[in-house]
Amino acid sequence: MDIQEVYDVIHAIAEGFEDNVVDCLDKHSGNVVMAISDQLYSGIDGDDEYLTPTYDDDPYFQLEGPWQNNSKGYKAWKMSITPPVVSSILGLNPRPDNVPNLFITGKFHSEINAKRAGDMLLVDPGHNDGPSIVSKYGEEILELSSRGVDYFNTEFLIPSIEQFYRNCGY
């Protein structure tokens with residue numbers, strides 16, 4: 001390779017690298033959403049922390065209603081509908097029985113979506129219960145955990161970058 005060819009390769013990489021990364025995020029936005037749902041099912045947020053409040057600390061169980069002063073019964077009911085298991089995508093440990101997974105009917109998990117906005121991928125909780133759930137549990141529930149980032153990078157981003165380099169002649 002002569003100097004001009006090296007320059008051309010470097011120029012192609014410099015000009016298109018960021019767009020390639022954003023295109024990869026856009027193309028695999030559904031995989032980002034699936035990874036977020038997988039970590040939520042394990043009770044983990046984007047900071048690698050268990051979701052809080054836990055069932056034992058949630059003020060909801062102090063309110064008048066069918067679960068008033070019965071977080072123990074609620075935990076047993078949740079165990080019957082969504083038992084803690086190793087997560088299917090990220091391989092996260094089963095959540096403790098007092099940690100929520102934000103899954104009752106699946107509606108919240110199914111409404112999470114991700115879409116490209118300029119050079120970013122925005123994860124949206126949907127328009128029904130999503131905003132109130134995010135308000136209660138924090139924006140971090142819509143972010144990838146470290147294991148989620150590793151999964152995305154290994155499965156999608158690194159192969160995309162390697163293909164991009166090949167396409168640039170590197």
Side-chain angles (χ1 to χ4, degrees), residues 18 21-158 160:
E18 186 176 332
V21 170
V22 175
D23 289 345
C24 179
L25 280 167
D26 187 31
K27 180 179 178 183
H28 298 288
S29 62
N31 298 97
V32 169
V33 170
M34 288 187 330
I36 289 171
S37 183
D38 193 59
Q39 69 194 29
L40 288 176
Y41 195 87
S42 293
I44 302 290
D45 68 16
D47 289 335
D48 296 307
E49 300 290 335
Y50 283 122
L51 301 179
T52 58
T54 66
Y55 296 133
D56 295 333
D57 301 327
D58 195 330
Y60 170 77
F61 296 105
Q62 303 306 314
L63 300 174
E64 188 173 319
W67 296 109
Q68 184 178 16
N69 300 320
N70 192 11
S71 66
K72 183 177 178 182
Y74 188 85
K75 288 187 287 188
W77 175 71
K78 282 293 293 222
M79 291 290 266
S80 72
I81 63 168
T82 57
V85 296
V86 172
S87 71
S88 60
I89 296 171
L90 304 178
L92 295 165
N93 291 328
R95 74 183 188 286
D97 69 347
N98 69 326
V99 173
N101 63 1
L102 310 182
F103 193 102
I104 296 175
T105 64
K107 188 172 184 174
F108 171 65
H109 284 240
S110 70
E111 289 182 351
I112 298 171
N113 66 77
K115 57 187 171 241
R116 183 177 180 169
D119 63 351
M120 297 176 61
L121 186 69
L122 298 178
V123 179
D124 180 71
H127 301 290
N128 290 302
D129 293 335
S132 63
I133 291 171
V134 170
S135 177
K136 181 174 183 174
Y137 291 96
E139 293 286 335
E140 300 81 13
I141 67 172
L142 300 177
E143 298 170 4
L144 285 174
S145 64
S146 61
R147 182 120 12 127
V149 170
D150 289 346
Y151 160 78
F152 186 83
N153 289 346
T154 301
E155 296 295 320
F156 306 106
L157 187 57
I158 291 171
S160 175

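Quantities reported herein were computed from a predicted structural model and do not represent experimental measurements. Keep in mind that the numbers below use all heavy atoms, side chains included, and drop hydrogens, waters and symmetry copies.
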* Between the side chain of T154 and the main-chain N/O of Y151, is any donor-acceptor distance below 3.5 Å? -> no
* Asked: Is Y137 close to L51 at the side-chain level, that is, under 4.5 Å between some pair of heavy atoms?
  -> yes
* Distance-minimising heavy-atom pair for P53 and K136 -> CG-CE, 3.9 Å
* Would you say the side chain of L142 lies within less than 4.5 Å of the side chain of P125, judging by non-hydrogen atoms? -> yes
* Looking only at non-hydrogen atoms, find the nearest pair between F156 and C24 and report the distance. => O-SG, 3.6 Å
* Rounded to the nearest 0.5 Å, how far does CG of D23 lie from CG of D119? -> 11.0 Å
* Asked: With distance as the sole test, does E140 use its side chain to make a donor-acceptor pair with the main-chain N or O of D47 at under 3.5 Å?
  -> no
* To do: For salt bridge (Lys or Arg N to Asp or Glu O under 4.0 Å), just list the numbers for K78 and D97, CA-CA rounded to whole Å, side-chain angles, deciding distance to a tenth of an Å, and then say yes or no.
  => CA-CA 8 Å; K78 282 293 293 222; D97 69 347; over 6 Å; no
* Structure fact -> Smallest heavy-atom separation, M79 atom then P84 atom, equals SD-CD, 3.2 Å
* To do: Test T52 against D57 for side chain to side chain contact (heavy atoms under 4.5 Å, CB included), laying out the working first.
  => CA-CA 8 Å; T52 58; D57 301 327; over 6 Å; no
* Pair D56-K75, side chain to side chain contact (heavy atoms under 4.5 Å, CB included): steps then yes or no -> CA-CA 9 Å; D56 295 333; K75 288 187 287 188; 2.7 Å; yes
* Spatial distance of atom OG (S135) from atom CG (D129) [nearest 0.5 Å] -> 12.0 Å
* So, D45 side chain and E49 main chain: donor-acceptor pair closer than 3.5 Å or not? -> yes
* Enter the distance from I112:CD1 to K107:NZ here, rounded to the nearest 0.5 Å. => 13.5 Å
* **Separation between CG of L121 and OG of S29, rounded to the nearest 0.5 Å** => 6.0 Å
* Asked: Is R147 paired with D48 through a side-chain N to carboxylate O contact shorter than 4.0 Å?
  -> no
* Without hydrogens or angle criteria, can the side chains of N31 and E155 be said to hold a donor-acceptor pair below 3.5 Å? -> no
* Are the side chain of H109 and the backbone N or O of Y41 linked by a donor-acceptor pair below 3.5 Å? -> no
* List the steps, then state whether side chain to side chain contact (heavy atoms under 4.5 Å, CB included) holds for L90 with I44. => CA-CA 11 Å; L90 304 178; I44 302 290; over 6 Å; no
* **Closest non-hydrogen atom pair, H127 against E111** => N-OE1, 4.2 Å
* Only one of Y74, W77, W67 forms a ring pair (Phe, Tyr, Trp, His ring centres under 6.0 Å) with Y55, so which one is it? -> Y74
* Asked: So V32 and F152, side chain to side chain contact (heavy atoms under 4.5 Å, CB included) or not? Walk me through it.
  -> CA-CA 7 Å; V32 169; F152 186 83; 3.7 Å; yes
* Are the side chain of S110 and the backbone N or O of G106 linked by a donor-acceptor pair below 3.5 Å? -> yes
* Between atom CG of L102 and atom CG of L40, what is the distance when rounded to the nearest 0.5 Å? -> 5.5 Å
* Asked: Quick one: does D38's side chain have a donor or acceptor within less than 3.5 Å of a partner on I89's backbone?
  -> yes
* **Where G73 and N70 come nearest, the two heavy atoms and their spacing** => N-OD1, 2.8 Å
* Structure fact -> Separation between CG (L25) and NZ (K115), nearest 0.5 Å, reads 15.0 Å
* Can you tell me if CD on E139 sees more than 12 non-hydrogen neighbours from other groups inside 6.0 Å? -> no
* **Residue pair Q39 / E143: nearest heavy atoms and the distance that separates them** => NE2-O, 2.5 Å
